[in-house]
Amino acid sequence: MLQLSNDEIVKGIRSRNKDVFEAVYKQFAPSMYNIAVRYVKNEDDANDMVQDVFLNLWKGAENLDERAPINHYLARATVNTCLNRIKKEQRQEVYTKEQMLHANQAANNHSLLEHKELEAQYRTALEKLPDQCRRVFEMSRLKGLSPAEIAEQLNISINTVYAHLTTALKRLRVDLINKS
């Protein structure tokens with residue numbers, strides 16, 4: 001491995017000397033990998049981070065500051081690359097959660113709309129029932145009265161209450177099935 005000073009490394013990278021770049025990579029990539037693994041907690045991602053750091057070093061060679069030690073530059077670049085990746089993943093996670101929330105809200109709105117439509121159909125079907133039949137049905141289903149209580153309040157026989165309930169259920173079923 002080449003033993004180069006910081007000035008020689010910077011000048012070599014700036015002049016796009018592949019031998020210098022390769023020597024720098026071999027010398028510093030393992031420690032940059034260790035830094036990256038501490039941040040991203042994944043070996044494959046850490047390798048990707050290190051590759052990105054050295055690719056950016058090569059691309060931005062002319063901007064390299066000869067006063068800064070190359071190992072400090074690479075360490076800072078590795079940390080920044082990792083932090084940028086983490087921030088990007090967090091933004092993507094937030095975006096995904098927001099999308100799921102919007103999808104759930106849309107589904108809930110759709111369900112609410114379907115519920116309202118079904119309720120409107122139910123009300124329309126209920127309105128079509130004869131008055132006494134509707135009154136018996138509402139007392140049974142909406143007020144929760146027993147057939148005996150309905151018969152007593154309306155002064156009709158319990159068998160008439162059962163007949164009205166049977167008629168109401170059949171008509172409502174037919175009306176609602178025909179609507180859907």
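Position 1 is the first residue of the sequence, and the numbers go up from there. The structure presented is a predicted model; accordingly, all values stated were derived computationally and were not measured.
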Step by step, work out the side-chain contact (heavy atoms from CB on, under 4.5 Å) result for T167 and F137. CA-CA 9 Å; T167 301; F137 182 80; over 6 Å; no
When rounded to the nearest 0.5 Å, the distance separating NZ of K88 from CZ of R91 is 8.0 Å
Report yes if some heavy atom in the side chain of V20 is under 4.5 Å from a heavy atom in the side chain of E8; otherwise report no. no
Please list all pairs meeting side chain to side chain donor-acceptor pair (under 3.5 Å) that have one or both residues in residues 64-76, counting only residues at least two apart or in different chains. R14-E66, D65-R67, R76-N80
Within 6.0 angstrom of E152 CD, more than 12 heavy atoms from elsewhere: no
Minimum heavy-atom distance V37-N42, with the two atoms named: CG2-O, 4.3 Å
Strictly by ring pair (Phe, Tyr, Trp, His ring centres under 6.0 Å), give each pair with a member in residues 18-44 just once, sequence neighbours left out. F21-W58, Y25-F54
Test side-chain contact (heavy atoms from CB on, under 4.5 Å) applied to L74 and I35, step by step: CA-CA 10 Å; L74 291 171; I35 292 171; over 6 Å; no
Heavy atoms only: give me the nearest V50-A36 pair and the separation to one decimal. CG2-CB, 4.5 Å
Just by distance, no angles: are the side chains of T160 and S157 close enough, under 3.5 Å, to form a donor-acceptor pair? yes
When clusters are formed by joining ILVMFWY residues with side-chain heavy atoms under 4.5 Å apart, either directly or through shared neighbours, do V136 and L169 land in the same one? yes
Just checking E89: does its CD atom have more than 12 heavy atoms from other residues, nucleotides or ligands closer to it than 6.0 angstrom? yes
Tell me, with the steps shown, if Q121 and D175 meet side-chain contact (heavy atoms from CB on, under 4.5 Å). CA-CA 8 Å; Q121 291 172 356; D175 261 4; over 6 Å; no
Working to the nearest 0.5 angstrom, can you tell me the gap between T81 OG1 and Q51 CD? 12.0 Å
Nearest non-hydrogen partners of D48 and R85, listed with the distance: CB-NH2, 4.0 Å
Salt-bridge criterion met for E93 and K97 (N-O under 4.0 Å): yes
Using the side-chain contact (heavy atoms from CB on, under 4.5 Å) rule, pick out the option among H164, E138, R135, R171 that qualifies with L129. R171
Please check: side-chain N/O of N6 versus main-chain N/O of I70, any donor-acceptor pairing under 3.5 Å? yes
Inter- and intrachain pairs under side chain to side chain donor-acceptor pair (under 3.5 Å), touching residues 140-150, at least two apart: S146-E149
Does L118 reach the side chain of H115, with side-chain heavy atoms less than 4.5 Å apart? no
To the nearest 0.5 Å, tell me how far I13 CD1 sits from L57 CG. 4.5 Å
With a 4.0 Å cut-off, would you call E22 and K26 a salt bridge? yes
